[in-house]
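One-based numbering along the sequence shown.
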Amino acid sequence: ARMIMMGLKFMGDVPFREVYIHGLVRDAHGQKMSKSKGNVLDPIDLIDGIDLESLVQKRTSGLMQPEMAKKIEKATRKEFPEGIPAFGTDALRFTFAALASTGRDINFDLGRIEGYRNFCNKLWNAARYVLMNTEGRDTGLQGGPMEFSAADRWILSRFEQAKREVIEAIEGYRFDLAAQALYEFTWNEYCDWYLELSKPVLQSEAASEAQKRGARRTLIEVLEAYLRLLHPLTPFITEEIWQSLPPHAKRGGASVHTIMVQPYPERADFPPDEEAERAVAPIKAVILGARQIRGQLDVPRSRQMPLYVKTAAPADWEILAANESLIRFLANVTQLERIGDDSALPPTAMQLVEGCAVHAPLASLIDDPDAELARLAKRKTKARQDLARCEAKLANQKFVANAPAEIVAQERARIAEFTREIEQLEEQERRVGLLKTHERSG
């Protein structure tokens, strides 16, 4: 109200016409922050960090109830035994945006801000990769023939989808959904997939200069547009990275000195490309299947293995065959072979991803079947113990009646997760048992 009146008095106009009201920010336990409780988190301490003794001094000085000092000190030392590390302004801003769901208070947990600090680090490392592969090289931004791969077209299409989600969310004041779309694009698509898919082209001597130019152009173009899209939520890291981009990669060229005055991305800057999305889907499925097989059996990325693939559609195999060298590079496999029936295969580890059944012979992954069976048995015992604990909680009617609905739902989800894990482990045990039988009969 004071700002409105001052604007009318001195400027002859109101300074704003819309007000966004978010939920109350509470501590990690859902308690309202207050100095008398000693649970206030100073944003500056989250940004710059603070050691334990300084934090205790800050929370226990100037209390209206001095007798609470010892209790507050004890609670502070228990919750922050090493003080509060520095998370930075961008991580804090992004955390508040991600937590800004409509109509509910915010329980502020340091675990969330730590996760979003990791997000900022991920973006920084991705930018370093892009600059390392584009700085001083021909990116096609100043002309020259370019050939765009399916992966190049796919990431442009995915960025367009993410951009639309972010713009719609901001227009609807759903900053949590905007943050989620920005996070998922960076982590799950640009970094986890496109940067990896670009490596074979950029590192291959067989790739043409037009193909490399297309990959470099896509890398720098998507990064620059994404920085403008993310800038309102994390202004410092986006400005720092944007300043490192070559002048010809920026909107407005060298005459524009800050990202703050750059135009915000608009819808349809990059048209959707359904053909590219269909082409990349089976490639991702096979690579993800190989990764999951390695993860379940604790097989290192450095160990090579053959893959046998059964696709849902003939067109999917045509895509895989055309991109075999790419898959072999990223999944570190010795061969990629199509199968129609898996009954003739030796014992394999199998993953079903997006309609593709991915098989890897267990003999190429496991040196000692008995040791592997012992490892699986140990994991299954732990999963059963975790499942029993969750089931005991839900069998307690007092817990179900008094616990918040989201906690009860979380326990039910954990039961489903542990049940799936046990089923997967039992299937792995069956397949390793077949390997033992196969070896004896061989």
Side-chain angles (χ1 to χ4, degrees), residues 22-31 79 94-119 122 161-162 165 169 174-189 191-193 281 284-285 288-289 291-298 349-358 375-430:
H22 59 75
L24 183 67
V25 180
R26 298 177 178 270
D27 70 9
H29 309 290
Q31 297 293 313
E79 188 171 2
F94 199 91
T95 301
F96 279 129
L99 293 175
S101 298
T102 56
R104 78 188 223 355
D105 291 349
I106 297 168
N107 291 354
F108 192 83
D109 182 1
L110 289 190
R112 292 293 296 269
I113 189 172
E114 183 176 3
Y116 293 127
R117 181 182 62 183
N118 294 340
F119 163 76
K122 187 89 166 178
Q161 178 62 32
E165 291 175 10
R174 290 301 306 270
F175 303 117
D176 56 330
L177 299 182
Q180 180 182 344
L182 287 161
Y183 181 95
E184 289 182 353
F185 174 79
T186 300
W187 202 283
N188 299 331
E189 295 182 327
C191 294
D192 273 9
W193 282 108
K284 288 176 59 184
L288 186 58
R291 288 178 180 176
Q292 290 176 348
I293 288 171
R294 291 181 189 279
Q296 287 189 348
L297 297 176
D298 283 346
M350 188 273 285
Q351 286 292 317
L352 186 63
V353 185
E354 299 290 335
C356 287
V358 182
R375 187 185 73 85
L376 293 172
K378 186 175 179 180
R379 281 185 58 188
K380 190 166 70 171
T381 298
K382 184 179 183 307
R384 282 177 171 166
Q385 291 171 346
D386 292 336
L387 177 62
R389 276 194 290 269
C390 292
E391 289 176 337
K393 278 187 181 180
L394 292 183
N396 184 342
Q397 295 301 318
K398 192 173 180 181
F399 169 81
V400 175
N402 297 328
E406 60 267 22
I407 298 298
V408 175
Q410 181 181 341
E411 291 300 319
R412 291 201 173 103
R414 292 183 71 198
I415 285 177
E417 182 183 336
F418 290 133
T419 302
R420 282 194 301 272
E421 183 181 356
I422 291 167
E423 290 173 353
Q424 289 173 351
L425 290 169
E426 288 176 343
E427 174 61 18
Q428 287 181 47
E429 284 180 325
R430 184 187 73 80

J.: Once rounded to the nearest 0.5 Å, what's the spacing between atom CG of Leu182 and atom CG of Leu177?
T.: 11.0 Å
J.: Got a second to check how far Lys380's NZ is from Leu387's CG, nearest 0.5 Å?
T.: 13.0 Å
J.: At what distance, to the nearest 0.5 angstrom, does CZ of Phe119 lie from CZ of Phe94?
T.: 4.0 Å
J.: Quick check for you: to the nearest 0.5 Å, what is the distance between Gln397 atom CD and Asn402 atom CG?
T.: 11.0 Å
J.: With a 6.0 Å cut-off on the ring centroids, do Phe175 and Phe96 count as close?
T.: no
J.: Examine distances only and state if a side-chain atom of Asp105 and a backbone atom of Leu24 form a donor-acceptor pair shorter than 3.5 Å.
T.: yes
J.: Can you name the residues that form a side chain to side chain donor-acceptor pair (under 3.5 Å) with Arg379, not counting sequence neighbours?
T.: none
J.: Could you walk me through whether Gln31 and Arg26 pass the side chain to side chain contact (heavy atoms under 4.5 Å, CB included) check?
T.: CA-CA 5 Å; Gln31 297 293 313; Arg26 298 177 178 270; 5.9 Å; no
J.: Shortest non-hydrogen contact from Ile293 to Val358?
T.: CD1-O, 3.7 Å
J.: Does atom CD (Glu354) have a neighbourhood of more than 12 heavy atoms from anything else shown, all under 6.0 Å?
T.: no
J.: Of all the heavy-atom pairs spanning Asn188 and Trp193, show the shortest one and how long it is.
T.: O-CD1, 3.0 Å
J.: Run the side chain to side chain contact (heavy atoms under 4.5 Å, CB included) check on Arg384 and Phe418 step by step: do they pass?
T.: CA-CA 7 Å; Arg384 282 177 171 166; Phe418 290 133; over 6 Å; no
J.: Are side-chain heavy atoms of Asp27 and Phe108 found at a separation under 4.5 Å?
T.: no
J.: Any side-chain donor-acceptor pair under 3.5 Å between Glu165 and Gln161?
T.: yes
J.: How close do Lys393 and Val400 get, counting heavy atoms only, and between which atoms?
T.: O-CG2, 4.4 Å
J.: With rounding to the nearest 0.5 Å, note down the distance linking CD in Glu391 to CD1 in Ile415.
T.: 5.0 Å
J.: Once you round to the nearest 0.5 Å, how far does CD of Gln428 lie from CE of Met350?
T.: 11.0 Å
J.: Taking all heavy atoms of Ala169 and all of Ala178, pick out the closest pair and write down the distance.
T.: CB-N, 3.5 Å
J.: Thinking salt bridges, do Arg112 and Asp109 make one under a 4.0 Å N-O criterion?
T.: no
J.: Got a sec, which pairs hit side chain to side chain donor-acceptor pair (under 3.5 Å) with one end in residues 176-186, sequence neighbours left out?
T.: Ser101-Asp176, Arg174-Asp176, Gln180-Glu184, Thr186-Tyr226
J.: Please find the pair of heavy atoms, one from Ala383 and one from Ile422, that lie closest to each other, and give the distance.
T.: CB-CG1, 3.8 Å
J.: Start with the C-alpha gap between Asn107 and His29, add the side-chain angles, then the distance that decides, and say whether side chain to side chain contact (heavy atoms under 4.5 Å, CB included) holds.
T.: CA-CA 7 Å; Asn107 291 354; His29 309 290; over 6 Å; no
J.: If you compare all heavy atoms of Gln351 against all heavy atoms of Gly289, which two are closest, and at what distance to 0.1 Å?
T.: CG-O, 3.8 Å
J.: Below 4.0 angstrom, N of the basic side chain to O of the carboxylate: do Arg414 and Glu417 qualify?
T.: no
J.: Which is it for Glu114 and Arg117 under the side chain to side chain contact (heavy atoms under 4.5 Å, CB included) test, yes or no, and what are the steps along the way?
T.: CA-CA 5 Å; Glu114 183 176 3; Arg117 181 182 62 183; 3.8 Å; yes
J.: For Glu421, which residues count as a side chain to side chain donor-acceptor pair (under 3.5 Å) partner, sequence neighbours excluded?
T.: none
J.: Less than 4.0 Å between a side-chain N and a carboxylate O, is that true for Glu426 and Arg420?
T.: no
